Amino acid sequence: MGLHECMSHFVLVLVLSWLLSSVCLAQERAFFFGNLSDSETIVSSFRTFRFGFFSPVNSTSKYAGIWYNSIPVQTVIWVANKDMPINDSSGVISVSEDGNLLVTDGQRRVLWSTNVSTQVRGNSSTVAELLDSGNLVLKDTNNDAYLWESFRYPTDSWLPNMLVGTNARNGGGNITITSWKTPSDPSPGSYTAELVLAAYPELFILNNSNSNATVWRSGPWNGQMFNGLPDVYAHFLYKFIVNDDTSGSVTMSYANDSTLRYFYMDYRGSVIRRDWSEARRNWTVGLQVPATECDIYGRCGQFATCNPLKTPPCSCIRGFKPRNLIEWNNGNWSGGCIRRVPLQCERQNNNRSADGFARLRRMKLPDFARRSEASEPECLRTCLQTCSCIACAHGLGYACMIWNGSLVDSQVLPASGMDLYIRLAHSEIKKPDRLPVIIGTSLAGGIIVLAACGLLARRIVMKKRGRKEGTDAEQIFERVEALAGGNKGKLKELPLFEFQVLAAATDNFSLTNKLGQGGFGPVYKGKLQEGQEIAVKRLSRASVQGLEELVNEVVVISKLQHRNLVKLLGCCIAGEERILVYEFMPKKSLDFYLFDPTKAKLLDWKTRLNIINGICRGLLYLHRDSRLRIIHRDLKAGNILLDENLIPKISDFGLARIFPGDEDEANTIRVVGTYGYMSPEYAMGGLFSEKSDVFSLGVILLEIVSGRRNSNSPLLANAWSMWNDGEINGLVDPVIFDQVYEKEIQKCVHIGLLCVQEYANDRPSVATVCSMLSSEIADIPEPKQSAFISRNAFIPRTGVSEAESSENSDRKASIIDVTITDVTGR
Ligand SMILES: *[C@@H]1O[C@H](CO)[C@@H](O)[C@H](O)[C@H]1NC(C)=O
Ligand SMILES: *[C@@H]1O[C@H](CO)[C@@H](O)[C@H](O)[C@H]1NC(C)=O
Ligand SMILES: *[C@@H]1O[C@H](CO)[C@@H](O)[C@H](O)[C@H]1NC(C)=O
Ligand SMILES: *[C@@H]1O[C@H](CO)[C@@H](O)[C@H](O)[C@H]1NC(C)=O
Ligand SMILES: *[C@@H]1O[C@H](CO)[C@@H](O)[C@H](O)[C@H]1NC(C)=O
Ligand SMILES: *[C@@H]1O[C@H](CO)[C@@H](O)[C@H](O)[C@H]1NC(C)=O
Ligand SMILES: *[C@@H]1O[C@H](CO)[C@@H](O)[C@H](O)[C@H]1NC(C)=O
Ligand SMILES: *[C@@H]1O[C@H](CO)[C@@H](O)[C@H](O)[C@H]1NC(C)=O
Ligand SMILES: *[C@@H]1O[C@H](CO)[C@@H](O)[C@H](O)[C@H]1NC(C)=O
Ligand SMILES: *[C@@H]1O[C@H](CO)[C@@H](O)[C@H](O)[C@H]1NC(C)=O
Ligand SMILES: *[C@@H]1O[C@H](CO)[C@@H](O)[C@H](O)[C@H]1NC(C)=O
Ligand SMILES: *[C@@H]1O[C@H](CO)[C@@H](O)[C@H](O)[C@H]1NC(C)=O
C-alpha cells in the first residue's frame with residue numbers, strides 16, 4: 001500500500017509542482033507543534049486521514065480541515081474556520097505560544113482558535129496530533145492529556161468511535177452536527193442533527209431556518225436500535241453503543257469495522273450513512289433519512305398514523321376521527337384526529353365499563369414517550385389506572401413507556417416495530433374490527449378473578465357432566481385426524497388427561513406443588529394415582545390459537561421422540577383449560593447445578609461434555625431430523641433438564657409453534673426468549689432461524705465450560721477477548737480444569753465462539769457443531785467477532801444492580817413479552 005501510494009505521489013510530483021512535493025515530505029508526520037503552511041499537511045499514523053488546508057468543490061476559498069486520505073474522492077469530515085474562509089494561500093495553522101491551535105490568514109488575523117485555557121509554563125507545551133480515528137487532538141506534552149479534541153466539536157460528520165451524545169452530568173450536553181450551507185460552502189447550513197438523551201435516547205434532525213422544528217426523529221433507542229429506523233439489520237452496520245458507567249453518564253458512539261463508513265448531515269437536511277465501495281471506488285449510500293413521506297415529522301398530525309405503503313398514507317388511529325373532515329379528505333392532514341368517545345376518566349358520570357386498549361402493531365412509536373416506573377408486566381394496568389395515560393408500550397429494553405397529551409409522528413413500519421397500546425373508551429373496543437383488542441378488565445387483577453370464577457363454575461359443571469369435556473376433545477381429534485388423513489388408531493398415541501385427574505395429581509394446582517412460572521403459564525409437579533410423577537404445564541393464554549390447530553400441534557409434537565428431548569405425555573383440553581403433561585425430571589435443570597459453586601462440582605468435565613453432546617443431538621433432531629423442523633427460540637440452561645443419569649433433555653420445544661404470534665407476517669413475531677441467550681438479529685428484529693438457536697447453543701456451551709451465567713457477567717465479551725489473548729484457560733471453571741482435558745475444553749470454547757458470531761451466516765449449523773464436537777471435522781475455522789448484548793445496552797438508563805441475586809436478575813433481564821420457564825425443575 002505504502003509503496004503504491006508513494007509511487008503515485010511520485011508521478012504527481014513530476015507532473016505537478018514542488019508544492020505537492022512538500023506534501024509528500026510532510027507525509028510521515030501525524031503531529032506538529034510549530035506552523036503548518038497552506039501547502040503542508042499532516043497525516044494520521046495509518047494514513048486514513050489528513051489534516052491541512054483544502055478548497056471545497058467549485059470553490060477557491062481555503063479552509064483548514066480533515067479529510068479521508070486513502071480514497072480518491074475528496075471527503076472532508078471536519079472544518080475549523082467554517083465561516084471564515086481564506087481567499088489566498090497565505091493561511092497558517094499553528095500551535096500558538098499560549099498552547100492553542102490557531103488558523104490565521106496572511107494578515108495574521110485569527111480566523112479560528114481552539115480557545116481553551118492551557119497552562120503552558122516553563123518547559124510545558126502542547127502538540128497537535130491527528131489520530132487514525134480522524135480525531136485531531138491538542139495534547140499537553142507533559143502528561144499527554146487531551147486539552148481539546150475535534151471529536152467533541154464535530155461539523156457535519158459522525159465518525160466511528162466518536163462520541164455522538166453525552167448527558168449533562170458528563171459535562172457534555174447534546175452534541176450536534178450541522179450541515180454545510182452548500183457543497184461548496186462549509187459555513188453552518190439550515191439543518192442540524194443531534195442525539196437527545198432524554199428518557200430514551202433519540203436522534204433528531206432539526207430545521208434551523210424554521211425555529212429548530214423537528215424534521216425527522218429516529219424513534220426511541222432500546223439499547224440496540226432506534227425503534228423507527230427502517231432496516232432491522234441496520235444496527236449491525238453502524239452499531240451505536242450506549243455505555244452506562246457508574247457515574248450515570250451515558251455516552252454513545254459507534255464502532256468501526258474494516259469498511260470505511262461514516263454519517264454526515266447533507267446540506268438538504270438528510271442524515272446519510274456513506275459506505276466506501278472499493279469496487280466502485282466511490283461512496284455508496286448505506287442509509288438515508290428521512291426516506292419516505294411518512295418519515296417527515298408529524299406528517300399526519302396528532303392521533304393519526306402514517307403508513308408509507310398505503311395511499312393516502314395517513315389514517316386516524318382506531319377510536320379517533322379527523323378533526324376537519326373536508327381538509328382531511330383534501331389531503332391536508334396537519335389538523336390530525338380527535339377522540340370519538342371520551343374516556344371513562346374524562347366523563348362526569350362515572351360509567352361502570354372501564355377503558356381498554358387497542359393494540360397497534362409494528363409501530364414506530366410516537367414522540368414524547370415517558371419512562372414509567374411500572375414494571376413491564378404491569379405496564380398496561382398501571383396505564384389504565386392513571387387518567388393521564390393515553391397510550392403505552394413495553395418490552396425490548398424500553399421497560400414501560402407511557403404517553404400523555406397527544407400522539408404525534410407514529411408510523412406503521414413495513415417490518416419490525418413495536419406494539420403500541422392505545423387507551424380507548426369501552427364502547428369503542430366492543431365494536432368489531434380486525435384490529436386485535438384487549439379489554440381492560442381482562443388484565444392482571446381481572447384475569448385472576450375471572451379465572452377463579454371460571455374454574456369454580458367449570459368444576460361444578462364438570463362434576464355434573466364429567467364425560468362431556470372429553471368428548472369435545474375427542475371430536476376435535478377426530479376432525480384433526482380426518483384432516484390429516486391418518487387412521488383413528490393413532491389417536492390413542494396421545495393420552496388425553498381429564499382435568500379432575502390432573503387437579504387431583506397436583507393437589508388442585510397448589511402453590512406447594514408449583515415448580516416454576518413462565519409466560520405460557522405455571523408448571524406444577526404432580527403424582528398420578530399409579531404413582532407416576534409428572535410435570536403439568538398449565539397454558540395461560542391458549543386462546544391465541546384455534547383449538548384444532550392446537551390439538552394438531554400437540555399431537556405432532558408429542559410424536560417427536562428423542563433421548564435428549566423431554567417427553568410430552570399428553571394433554572388436557574377442558575373448557576378454556578389447555579394443559580400439557582410432561583415426564584418429570586427429578587434432577588431439575590442444568591442451571592441449577594452449573595451456577596451454584598457447591599453443586600457445580602457434581603458435574604465433572606466428562607459429564608459436561610456428555611451434556612454438551614446431548615444438547616447438540618437433541619437440537620439437531622429438532623432442526624434436521626424431525627419432520628417439523630422446530631426452532632426452539634428459547635434455548636437456555638434453565639430449559640435443559642437432567643434425568644437421573646444426568647442425561648440432558650431439552651424442554652419447552654414446540655411451544656413457540658403452539659403460540660405462533662404473527663408468523664404469517666414474516667419477521668414480526670412476538671419475540672419470545674430470554675435475555676442473554678438471544679441472538680442479536682432475533683432480539684432486535686424478531687428474525688429467527690436455526691442460527692438463532694445455534695447462538696443460544698453457543699452461549700450454553702460457554703456457560704458450561706466457564707460455569708458462569710451469561711446474563712450476570714459479560715461472558716461472551718470475556719470469552720472473545722480471552723480467545724484473542726490466547727488466555728482461554730482463564731475462562732474455564734476451575735472445578736473442571738485439568739491439564740488432561742485442556743485440548744478438549746479449548747475446542748469447546750472455540751466451537752462456542754463460532755456459534756455466537758455476530759452474523760448469523762457466519763455461525764455453523766447444528767449439524768456442523770455436532771460434527772466438530774465429535775471430531776468428524778478437524779479443521780475448525782477461526783471465530784469472528786462475537787455479538788455482545790450487554791445488559792447495559794439493553795437497559796441504558798435504569799441499569800440493573802449487579803448485586804442482585806442471579807435468580808432475581810435473571811427474571812428482570814427476561815425482557816420482551818413472554819419468557820418460557822422450565823417445564824420441570826427448580
Ligand atoms: C509561525 O508563523 C508565524 C507567523 O505566522 C511566525 O511569527 C512564527 O515565528 C512561526 N513559527 C515557527 C516556529 O515557524
Ligand atoms: C460545480 O460547478 C459545475 C459547473 O458550474 C456544476 O455543474 C456542478 O454541479 C458543481 N458542483 C457542485 C458540487 O456544486
Ligand atoms: C477575501 O477577499 C475579499 C475581496 O476579494 C476581501 O474583502 C476579504 O477581506 C478577504 N478575506 C480574507 C479572510 O482574506
Ligand atoms: C474564547 O473563550 C472566551 C470564554 O471562555 C470567550 O470570551 C472568547 O470570546 C472566546 N474567543 C474566541 C475567539 O472564540
Ligand atoms: C521541566 O522539566 C524538568 C525536568 O525535565 C522538571 O523537573 C520540571 O518539573 C518541569 N517543569 C514543569 C513546569 O513542568
Ligand atoms: C476501532 O479503531 C480503533 C482505532 O482506530 C481501535 O482502537 C478500536 O479497537 C477499533 N474498534 C473495533 C471494534 O474494532
Ligand atoms: C438537548 O436537546 C434537547 C432538545 O433539543 C433539549 O431539550 C435539552 O435541554 C438539550 N440538553 C442539553 C444538555 O443541552
Ligand atoms: C426548513 O424550513 C424552511 C423555512 O421554513 C422551509 O422552507 C424548508 O422547507 C424546511 N425544510 C424541511 C426539510 O422541512
Ligand atoms: C436553534 O438551535 C441552535 C442550537 O442548537 C440555537 O443556537 C438557536 O438559537 C436555535 N434557534 C431557534 C430559533 O430556536
Ligand atoms: C460517486 O457517487 C455519487 C453518488 O453517490 C455520484 O454522484 C458521483 O458521480 C460518483 N462519482 C464517481 C467518480 O463515480
Ligand atoms: C391545512 O389545515 C390547517 C388547519 O388544520 C390550515 O391551517 C392550513 O392552512 C391548511 N393547509 C392547506 C395547504 O390548506
Ligand atoms: C355510559 O354508558 C352507557 C352504556 O354503557 C352509554 O349509553 C352512555 O352514553 C354512557 N354515558 C356517557 C356519559 O358516556
Side-chain angles (χ1 to χ4, degrees), residues 54-63 65 67-68 71-77 79 82 85 155-157 176-194 196 202-219 228-230 263-272 274 280-285 287-306 308 312-317 320-340 364 367 405-409 411:
F54 73 95
S55 292
V57 210
N58 286 356
S59 164
T60 51
S61 298
K62 295 280 190 171
Y63 298 89
W67 60 94
Y68 279 97
I71 58 174
V73 183
Q74 188 199 56
T75 312
V76 176
I77 52 102
V79 185
K82 321 190 256 288
T155 52
D156 69 339
S157 305
T176 62
I177 52 174
T178 306
S179 67
W180 288 18
K181 214 164 226 145
T182 69
S184 313
D185 180 3
S187 62
S190 297
Y191 301 97
T192 56
E194 67 184 18
V196 174
E202 187 162 359
L203 279 173
F204 284 88
I205 297 178
L206 308 176
N207 188 345
N208 302 356
S209 47
N210 186 16
S211 318
N212 289 345
T214 305
V215 174
W216 172 87
R217 51 182 276 275
S218 64
L229 276 181
F263 282 87
Y264 81 108
M265 178 93 232
D266 177 43
Y267 76 103
R268 282 164 300 203
S270 303
V271 167
I272 295 173
R274 283 175 143 184
R280 290 193 213 166
R281 307 287 294 155
N282 198 358
W283 292 105
T284 55
V285 172
L287 180 84
Q288 178 165 5
V289 288
T292 65
E293 186 183 4
C294 287
D295 284 347
I296 310 288
Y297 184 82
R299 188 80 190 91
C300 297
Q302 57 179 3
F303 298 113
T305 60
C306 195
C314 295
S315 53
C316 289
I317 290 175
F320 292 81
K321 60 184 182 196
R323 184 187 293 276
N324 183 330
L325 194 59
I326 296 167
E327 275 175 8
W328 183 270
N329 287 341
N330 281 336
N332 178 1
W333 299 298
S334 57
C337 306
I338 51 171
R339 198 179 281 283
R340 267 194 233 150
K364 172 178 175 180
D367 200 1
S406 75
L407 302 174
V408 287
D409 197 45
Q411 192 183 138

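One-based numbering, in listed order, for ligands and for the atoms of each. Source: prediction; values computed, not measured. Each residue takes its place number in the sequence, starting with 1. Only heavy atoms go into these numbers, but all of them, side chains included; no hydrogens, no water, no symmetry mates.
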Nearest non-hydrogen protein atom, atom 13 (C) of ligand 11: N332 ND2, 4.3 Å
Evaluation steps, side chain to side chain contact (heavy atoms under 4.5 Å, CB included), between Y264 and I77: CA-CA 8 Å; Y264 81 108; I77 52 102; over 6 Å; no
Gamma sulfurs of C316 and C337 within less than 2.5 Å: yes
Atom 9 (O) of ligand 11 touched by protein (heavy atom, under 4.0 Å): no
Enumerated ligand 11 atoms positioned under 4.0 Å from heavy atoms of S334: 1 (C), 2 (O), 3 (C)
Residue and atom name of the nearest protein heavy atom (relative to atom 12 (C) of ligand 2), distance in Å to one decimal: N58 ND2, 3.4 Å
Sub-4.0 Å atoms of ligand 8 with respect to non-hydrogen atoms of Y191: 1 (C), 10 (C), 11 (N), 12 (C), 13 (C)
Closest protein heavy atom (residue, atom, distance) for atom 2 (O) of ligand 8: N207 ND2, 2.3 Å
Sulfur-sulfur distance C306/C300 under 2.5 Å: no
Closest protein heavy atom (residue, atom, distance) for atom 4 (C) of ligand 11: E327 OE1, 3.4 Å
Residue pair Q411 / D295, side-chain heavy-atom distance below 4.5 Å: yes
Residue selection (non-hydrogen contact nearest atom 5 (O) of ligand 8) among N210, L206, I296: N210
Residues E194 and T176: side-chain donor-acceptor under 3.5 angstrom: no
Residue-ligand contact S209/ligand 8, heavy atom below 4.0 Å: yes
Side-chain heavy-atom pair F204, D367 within 4.5 angstrom cut-off: yes
Check: Y68 ring centroid to W283 ring centroid under 6.0 Å: yes
